[in-house]
Structure formats: structure tokens, C-alpha cells
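From a predicted model like this one, the values you see are computed outputs, not experimental measurements.
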Amino acid sequence: MKLKNFATAAALLASAFVLPAHAGKTLDAIKQRGQLVCGVSSGVAGFSQADSKGEWAGLDVDYCRAVAAAVLGDASKVKWVPLVSQQRFAAIQSGEVDILSRNTTWTLTRDASLGLEFVGITYFDGQAFMVPAKSKLKSAKQLKNATVCVQSGTTTEKNLSDFSRANGLNLKPVVFEKFEAANAAYFSGRCQAYTTDASGLASVRAKEAKNPADHVILPELISKEPLGPAVRRGDDEFFTIAKWVLFGLVEAEEYGITQANVDKLAQDTKDPAIGRLLGTTEDTGKLLGLDKAWLARAVKATGNYGEIFERNVGPKSPVGLPRGSNNLWSKGGLQYAPPVR
């Protein structure tokens, strides 16, 4: 009995010392300037692309908007910094951007040597090949001796070399520094095939092809490409916020919290889990250095993860990607978030 009482007392004492988090230097800087600085691509349809009016849209863009809504209370308070592949890591390392949300693959080398922390996986992808439909190719293993457009400074370039060597294909890379140059070279016929992430190929086909049906993405995925945002290493407080905004968007989808019903649920829900997510029954924000409505604002601004996916890259979008591996774990996919509790 004494041991039981001691354990109970110890647990109560420990809970008493759960204190609100200090905001951290990155969040302090964001609040001081009144703006989140987000590094994005220079134009990948469905992920991050500006229209003719300079308005940015895409899955990577919406993640940054959700973070801005959570930490600043306003999803529009984002400065967009377009970055080519070769610039992206220097931009986050130097502090030019607060978050890198730019279709970037999480790898051991990048995680361990670039001073970054990957927040999570916003899109489970893999590298593929696109060819003209008139080539009648059905498999990437039929590309023997083919010229292949590829962008430099990416995991794609090394994966292409590995795939060629492993399968004795003698593929001939035609390397370009900029995404736009690789696109133009492929569509002008300079290369017999184009390789990058499958999502990127679908984006390029939808955006650049005169007739998207004239180009086929071959079925093989030759790599794992878990794409996700990254922040600078050394600020655990902001890293935690960036992680939990993403996890919260996934949890919101799982619990049926949407952009349309979030306000009503915040007022009426009797479900303790939904109340916790929306800050009506518990205040998880104080553990992050935020207020209790941090996640409700993020969902109100962008919708849950599923809404973000469907709007930007889903089957009914111009990019037209299936949900596939990016579905919730409860629906046969890989999207699984730790619980917000």
C-alpha cells in the first residue's frame, strides 16, 4: 500500500511540473517580423507554384500556410522564397528561410550532415520515368542506351545511375541545373525519357505537355522518395511545432475535422478527442508555446491533410494523382500520426 501511495504521489508531482514550452528563437523571430519565411520550389504544379498574379498554391504551400495560421493566427502571413535544388539547403542552413517545404526527399545523408531536421512525410513518392506514348514502351527496363533528362543536385541523378548499372541499361543522363530546363529539353525531344519523382512527372505532364495523353509514366518506381518539410537543427521548440502541425492535420482527417465543420465542432462536439484537437477541452498549445486554438486555426486555413491532398494533387486535380500510399493508415495507406494528447 505504501508503495502504491508513493507511486501515485510521484505521478502527481511529475504532472505538476509539466510547464508551458518556451517559444524558442525561431518562433520569437517569426513573431517579431510578423511573417513565416517558407522556401518552396520554383514551380512544381500541385506542390508549390505561383500563378500569374503571384499567388502561391500547392501541397507544400498549404503546409506553410497551416504553420503560419498556428503560430501567427493568419495563414496569409507567409513570405515565399522560390529555390532551385542547388539553393535549398543553403537557404535553410543560413536562416534565409524558416522552413524548407519544397518536395525534398528525406535521406540519411541529408538528415545527418546538413544541419536539418525533417518534420515528417507529406508525400510518399518514388522515382519513375516518363516517355512519349508513341514510343510504346511499357517498362523502364526497355530504355537500354536511352538518353534521359534529369536535374542535377538531386537524389534523382544518383538513383538513375544506380538503376542503369544494376540493370545493364547504359542510360545516358542529360543533366540540367534547373527544373524548367529539364522540362523543356524533354518536350523538345532532346531526351528519350525524363526521370524524377513520379509526382513531379505527373505535375510536369499536367503543366507543360500540349496534350498530357501523349506522355506515359512507366509503372516502375526505382526508389523510395519520402518527401517532407525540414527546419534548422538546434531549435527543438520550433521543430516540435513544425512536426505537430503536420501530425495535427493528419489527425484532423482521421477524426473527420474539416475546413467546413471545424468551427461547429469546436462549439458542439462531445467527443473528448476532437475537443482536445480543437482546444475546447484541453490546452495542448501551452506545451508548444502556442495558444489552445493552434490546430483549429490551421485546419480552418487549409483543411485537413486529406483536403490538402485532394485539392492540390488528387485524382480530380489537374495533376491527377491517386491517394495510394498517402492515404490514412486506417484506409490502407501510410499516413499515420502520433496522437495529439
Side-chain angles (χ1 to χ4, degrees), residues 25-26 29-30 33 35-51 54-65 67-68 77-123 125 127 149-161 173-186 194-197 199-201 203-204 207-208 223 225-235 238-239 242 246 312:
K25 58 183 179 294
T26 304
I30 291 167
R33 79 170 84 95
Q35 197 175 48
L36 174 75
V37 184
C38 182
V40 290
S41 75
S42 52
V44 177
F47 289 85
S48 52
Q49 183 181 23
D51 64 16
E55 296 293 325
W56 286 84
L59 188 149
D60 291 337
V61 166
D62 279 344
Y63 168 73
C64 282
R65 286 204 173 104
V67 174
K77 292 184 175 179
V78 184
K79 177 183 178 182
W80 308 105
V81 180
L83 301 165
V84 299
S85 295
Q86 295 79 4
Q87 297 172 320
R88 55 184 162 170
F89 299 124
I92 185 71
Q93 290 162 344
S94 68
E96 181 184 352
V97 299
D98 302 311
I99 293 177
L100 179 67
S101 187
R102 190 207 171 281
N103 55 303
T104 296
T105 302
W106 186 353
T107 70
L108 182 150
T109 302
R110 290 172 173 178
D111 198 29
S113 66
L114 295 179
L116 309 179
E117 297 277 14
F118 281 86
V119 165
I121 299 169
T122 50
Y123 191 91
D125 208 350
Q127 185 172 331
C149 285
V150 63
Q151 192 181 7
S152 64
T154 64
T155 56
T156 311
E157 191 177 5
K158 186 175 189 305
N159 291 340
L160 175 64
S161 174
V174 182
V175 182
F176 299 90
E177 182 176 333
K178 293 187 176 181
F179 197 56
E180 295 82 0
N183 297 348
Y186 169 73
Y194 187 7
T195 189
T196 188
D197 298 343
S199 63
L201 292 175
S203 169
V204 168
K207 177 184 173 185
E208 304 288 347
S223 68
E225 305 293 333
L227 309 180
V231 297
R232 271 182 305 287
R233 185 171 293 176
D235 188 334
F238 189 63
F239 175 44
L246 175 56
N312 292 300

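Side chain to side chain, Ser152 and Glu157 fail the donor-acceptor criterion of an N or O pair below 3.5 Å. Checking Ser94 against Glu96 by side-chain atom types alone, no donor-acceptor pair falls below 3.5 Å. Side chain to side chain, Thr156 and Gln151 fail the donor-acceptor criterion of an N or O pair below 3.5 Å.
For the pair Asp235 (side chain) and Thr26 (backbone), a donor-acceptor distance under 3.5 Å is present. Listed for the Asn312 side chain is no donor-acceptor partner under 3.5 Å among the backbone atoms of Phe47. A distance-only check finds no donor-acceptor pair linking the side chain of Tyr123 to the backbone of Glu225 [under 3.5 Å]. Using modelled atom types, one side-chain atom of Thr104 and one backbone atom of Arg102 make a donor-acceptor pair closer than 3.5 Å. Between the side chain of Arg232 and the main chain of Val97, a donor-acceptor pair closer than 3.5 Å is present. The closest donor-acceptor contact from the side chain of Gln93 to the backbone of Leu114 lies under 3.5 Å.
Atom CZ of residue Phe239 and atom CD1 of residue Ile99 lie 11.5 Å apart, to the nearest 0.5 angstrom. The structure places CZ of Phe176 at 10.0 Å from CG of Asn183, a figure rounded to the nearest 0.5 Å.
Proximity of Trp56 to Ser48: side-chain heavy atoms (C-beta onward) are separated by under 4.5 Å at one or more points.
Considering Val78, Asp60, Leu59, Asp62 in turn, Asp60 is the only one that fulfils the side-chain contact (heavy atoms from CB on, under 4.5 Å) rule with Ser101. With Gln127 as the partner, the side-chain hydrogen bond (donor to acceptor under 3.5 Å, both in side chains) test is satisfied by one option alone out of Thr155, Thr105, Thr195, Thr154: Thr195.
Closest approach of Thr122 to Gly228, counting heavy atoms only: OG1-CA, 3.7 Å. In plain terms, the two heavy atoms of Asp98 and Phe238 that are nearest each other are O-CE2, 3.8 Å. When all heavy atoms are compared, the tightest approach of Arg233 to Leu116 is NH2-O, 3.2 Å. Among all heavy-atom pairs drawn from Ala182 and Tyr194, the shortest one is CB-OH, 3.5 Å. Here the shortest heavy-atom pairing between Ala185 and Cys149 reads CB-SG, 3.8 Å. Across every non-hydrogen atom of Arg88 and Asn103, the tightest pair is NH1-O, 4.0 Å.
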Inset, instruction - Show your reasoning for whether side-chain contact (heavy atoms from CB on, under 4.5 Å) applies to Val119 and Tyr63. - result: CA-CA 11 Å; Val119 165; Tyr63 168 73; 3.6 Å; yes
Inset, instruction - Kindly determine whether Asp111 and Trp106 satisfy side-chain contact (heavy atoms from CB on, under 4.5 Å), including the steps that lead there. - result: CA-CA 7 Å; Asp111 198 29; Trp106 186 353; 3.5 Å; yes
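Within a 6.0 Å sphere centred on NZ of Lys178, heavy atoms belonging to other residues, nucleotides or ligands number 12 at most.
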